[in-house]
Amino acid sequence: MIKITLPDGSVREYTQGSSAMDIAKSISEGLARKVLAAEVNGAVIDASRGITADSSLKLLTWDDNSGKNTFWHSSAHLMAEAVEALFPGVKFWVGPALEKGFYYDMDLGDRKLTEEDLTTLEKKMQELAKQNSQFVRKEIAKNEAITYFIDKNDEYKLDLLQNLKDGEITFYSQGGFTDLCRGPHIPHTGFIKAIKLTNIAGAYWKGDEKNKQLTRLYGITFPNQKELDEYLLMLEEAKKRDHRKLGKELGIFTMDDDVGPGLPLWLPNGTIIIEELEKLAKETESDAGYKRVVTPHIAKESMYLTSGHLPYYADSMFPAMEMDGEKYYLKAMNCPHHHKIFDAEPKSYKDLPYRLAEYGTCYRYEQSGELFGLMRVRCLHMNDAHIYCTKEQFADEFRAVNDMYLKYFKIFGIDKYIMRLSLHDPEKLGQKYINEPALWLETEELVRSVLIESNIPYVEVKGEGAFYGPKIDVQIWSAIGREFTLATNQVDFAQGRRFKLAFTNKENQPEVPLIIHRAPLGTHERFIGFLLEHYAGKFPLWLAPTQVKILPISDKYLPYAQTLLQQLKKADIRAAVDDRNEKIGKKIRDTELMKVPYMLVVGEKEMTEEKVAIRRQGKGDAGVKSLEEFIAEISVEIKERSADI
RNA sequence: GCCGUUGUAGCUCAGUGGUAGAGCACUUCCUUGGUAAGGAAGAGGUCGUGAGUUCAAUUCUCAUCAACGGCUCCA
């Protein structure tokens, strides 16, 4: 007998070799019908595998992430079975579960898949799923596995086998399909009720662009149709929040073929948001002791040779222009210009920390396939600043920058984020990274200790640092689940020396300052793209391009509306009158769709009483007040940058 | 950059080997209407660009440009 400890702490006894499924059945038939896999002592295994020793056991169902993963991984096998049935001779690479769904990479030879093929495959999968084929696990000797795949002429699975040891190789079969797989899998294909193949894409073998490109099929499955329908509905909803769609609808930005890819044009409404963000940044930075500067968009080659950007960064810069026998580059970063400002006048330790801020315009040559709406562009406006400080000041400065991040996150209601401490890769010293092994370790430790002291949650990633030092990237998620790096906070121990920057220390000796690069609000492009999705276009009052729209019942009340408009403008409120010859219902509908926070409906009653009927976007009627009262109220809301929307 | 998909009016989209249509938006007129679409008329496109096949191309072929999805989450 073996002792099985269940998640609630209860301990039950079973005969040795009982499977999770046996145990589930002993608890309840209903539970047994839902079990997809089992977690035994922390490892996920097939529910059908015998348990041989005392163990803790968790039965995994659709409600568990591991259960879903297993379900989707098995679905990938089902898809592969369908593909093999319809296109014999196909070779498979890997087919993992994703956060949502699964994919399988395959080599289809010369064959190209079409959208119709997806539908055919879905039908085939439905058909195969209904056969309730069991997933059968088989341990197999390496030699035997190699022979099997040599016979199949399958170089991909043979490649996988190379890295596997004898004794740890397993095959899984369901129906007529057998695959090299470590599992685990769900009991049988019948669990898979609702199937949607979502898209066909190319994917390099092993993710390396030098390798052959395989066909990747994406799909998602559910244990019932209802969940699939909900999922598809959610995708529809997400599309509505897409910043590219909202950006167009709300007149925030546009792209034009003649201007060029990745070069957004900011429309008047978008420009208002930019200006509000800059106002916020300027206030915040001024309070934190930053000085503002302005620098040119181009610079000579020599400066980027000094900075070291050219050897490391040239691929991301627009090619040089020649002028008077000199090469000039569009700037891809602001730091060298700022270093030159630091260097313009001699500095003493008394001048430090010296903080320079600029909303700098940068141009980066992103690969064409990487461009994405506002999130990845070639012209960007960075909330940039550089802090020049002593080693002793570094921790405080670094902490202050982190505090600034948190302050911003609060204003914008960003509560899901993670800080990523990006370190160098020792193997790439001298190539991707400046060859200063000792300095790397020292600064990395410095940054890490600040993070730990400040109790900021973070993860460490090797090989993601900037070429001049470690950095902290802030990852955030937009409301529709898009993850990206918003902000960055980098340490730079290299450029100070390269630019021969120095201050006179207390001992009257020249000393190279440490530099912190920081951009809490990232770039206007990415940040506004994020905000569009974050707020679903419903900007808080302080950011809303139009804050108040006056809606006269008919044009008899236009003169009254105009006097209201003048007063609102005097109070620095962005307002407009809807003077179209339309009924009030239409005016309200259009204003609602434009997501204007406040509407003032004015007709006979309001005009006689000298009042306004207030309507809040998305919330409806908000009562009748005098204009003075209304202005007083929303002025507070604007001034406080209230996120209450 | 690579693979795949797409490209028709300002927007969303239909359509055809015989040089194009709808809804919304726009303009004008009627209507002056109290909290999410009042009515009518009109204007607007060399069908992304270039070449080829054809008597004839927006439609077929090729190239090119752009947008979108993917190329990271390793049997």
Side-chain angles (χ1 to χ4, degrees), chain A residues 69 73 76-77 80 92-105 108 112-115 117-118 145 149 154 156-164 168-172 178-183 185 198-218 239 242 244-245 248-249 251 254-262 315 365-373 461 483 551-558 580-594 599-606 613-622:
Chain A
N69 272 337
H73 180 203
H77 278 233
F92 294 100
W93 170 236
V94 298
L98 303 168
E99 205 175 308
K100 278 274 170 197
F102 56 88
Y103 69 79
Y104 216 124
D105 281 350
L108 287 156
K112 293 209 164 123
L113 287 187
T114 62
E115 297 287 324
D117 291 329
L118 289 189
F149 285 115
D154 187 335
Y156 300 103
K157 295 294 176 185
L158 286 170
D159 185 88
L160 285 173
L161 277 170
Q162 277 186 3
N163 301 317
L164 296 175
E168 59 179 28
I169 295 167
T170 50
F171 278 13
Y172 273 84
T178 298
D179 198 3
L180 169 68
C181 179
R182 73 166 156 239
H185 281 283
T198 45
N199 92 66
I200 312 164
Y204 298 113
W205 185 39
K206 297 184 178 180
D208 187 337
E209 62 184 3
K210 290 184 199 81
N211 285 341
K212 178 168 182 179
Q213 196 148 34
L214 305 176
T215 301
R216 177 172 293 183
L217 265 183
Y218 283 87
K239 261 191 208 162
D242 190 306
R244 292 165 297 187
K245 184 174 161 65
K248 179 163 269 178
E249 286 169 0
T254 189
M255 300 277 194
D256 188 286
D257 277 3
D258 270 343
V259 177
D315 284 352
Y365 184 76
E366 302 285 355
Q367 290 189 74
S368 62
E370 313 259 82
L371 299 174
F372 174 70
V461 228
E483 177 194 356
L551 311 179
I553 296 286
S554 80
D555 54 18
K556 274 194 265 176
Y557 313 104
L558 260 176
R580 296 175 304 165
N581 181 4
E582 293 289 353
K583 292 175 117 173
I584 191 67
K586 170 74 166 162
K587 292 181 183 179
I588 287 173
R589 177 182 157 80
D590 290 348
T591 314
E592 285 279 349
L593 290 175
M594 285 304 286
M599 282 156 262
L600 299 181
V601 178
V602 292
E604 188 65 38
K605 248 190 314 185
E606 290 73 18
I614 302 159
R615 188 186 158 99
R616 184 83 225 231
Q617 200 273 343
K619 290 184 181 161
D621 203 325

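Below, read A as the first sequence line, B as the second, and so on, with proteins coming before strands; counting in each chain starts at 1. Not measured: the values here are computed from a predicted model. All values below were derived from every heavy atom in this structure, side-chain atoms included, with hydrogens, water molecules and symmetry-related copies excluded.
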A.B. asks: Would you mind classifying the nucleic acid contact of K605(A) as base, sugar-phosphate or nothing, using non-hydrogen atoms under 4.0 angstrom?
C.D. replies: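 Touches a base.
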A.B. asks: For A75(B), does OP1 or OP2 lie under 4.0 Å from any side-chain N or O of R182(A)?
C.D. replies: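 Affirmative; the distance criterion is met.
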A.B. asks: My understanding is that a pair needs two contacts under 3.5 Å, Watson-Crick or G-U wobble. By that rule, which nucleotide pairs with A57(B)?
C.D. replies: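 In the structure as shown, A57(B) has no Watson-Crick or wobble partner.
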A.B. asks: For the pair E592(A) and R615(A), find out whether any cationic side-chain nitrogen is under 4.0 Å from an anionic carboxylate oxygen.
C.D. replies: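 Looking at E592(A) and R615(A), the cut-off is met.
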A.B. asks: Tell me what E99(A) touches on the nucleic acid: a base, only sugar-phosphate, or nothing, going by heavy atoms under 4.0 Å.
C.D. replies: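 No contact.
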A.B. asks: For C73(B), does OP1 or OP2 lie under 4.0 Å from any side-chain N or O of Y103(A)?
C.D. replies: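 Yes, Y103(A) has a side-chain N/O under 4.0 Å of OP1/OP2 on C73(B).
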A.B. asks: Which nucleotide, if any, forms a Watson-Crick or G-U wobble pair with G4(B), using both distances under 3.5 Å?
C.D. replies: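 Partner of G4(B): C68(B).
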A.B. asks: Determine which nucleotide pairs with U19(B), using a 3.5 Å limit on both distances of a Watson-Crick or G-U wobble pair.
C.D. replies: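 Its partner: none found.
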A.B. asks: For A41(B), which nucleotide is its Watson-Crick or G-U wobble mate, given both distances must be under 3.5 Å?
C.D. replies: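 Here A41(B) is engaged in a pair, and the nucleotide opposite it is U27(B).
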A.B. asks: Students often get this wrong, so: under 4.0 angstrom with heavy atoms, is D555(A) touching a base, only sugar-phosphate, or nothing?
C.D. replies: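 Contact class for D555(A): base.
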A.B. asks: Can you tell me the Watson-Crick or wobble partner of U35(B), both distances under 3.5 angstrom?
C.D. replies: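 Pair assignment: U35(B) / none.
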A.B. asks: Using Watson-Crick or G-U wobble geometry with both distances under 3.5 Å, which nucleotide pairs with A63(B)?
C.D. replies: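 Result: U49(B).
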A.B. asks: Indicate whether OP1 or OP2 belonging to G69(B) is found under 4.0 Å from a side-chain N or O atom of R244(A).
C.D. replies: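 Yes, within the criterion.
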A.B. asks: With a 4.0 Å cutoff (strictly under), does any side-chain N or O of K586(A) reach OP1 or OP2 of A25(B)?
C.D. replies: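 The answer is yes; a side-chain N or O of K586(A) sits under 4.0 Å from OP1 or OP2.
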A.B. asks: Using a heavy-atom cut-off of under 4.0 Å over every strand shown, decide if V601(A) touches base, sugar-phosphate, or nothing.
C.D. replies: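 It contacts base atoms.
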A.B. asks: Strictly by Watson-Crick or wobble contacts shorter than 3.5 Å, is anything paired with C73(B), and which nucleotide is it?
C.D. replies: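 Because no pair has both required distances under 3.5 Å, C73(B) counts as unpaired.
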A.B. asks: With RNA chain B as reference, determine whether K556(A) or L180(A) sits nearer its 5' end, using the nearest nucleotide of each.
C.D. replies: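 Taking each residue's closest nucleotide, the earlier one in sequence belongs to K556(A).
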A.B. asks: Can you say whether the rings of W205(A) and W93(A) are parallel (under 30°), tilted (30 to 60°) or perpendicular (over 60°)?
C.D. replies: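 Rings of W205(A) and W93(A): perpendicular, over 60°.
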A.B. asks: Look at Y218(A) and C71(B) and indicate whether a side-chain polar atom (N or O) is within less than 4.0 Å of OP1 or OP2.
C.D. replies: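 Looking at the OP1 and OP2 atoms of C71(B), one of them is under 4.0 Å from a side-chain N or O of Y218(A).
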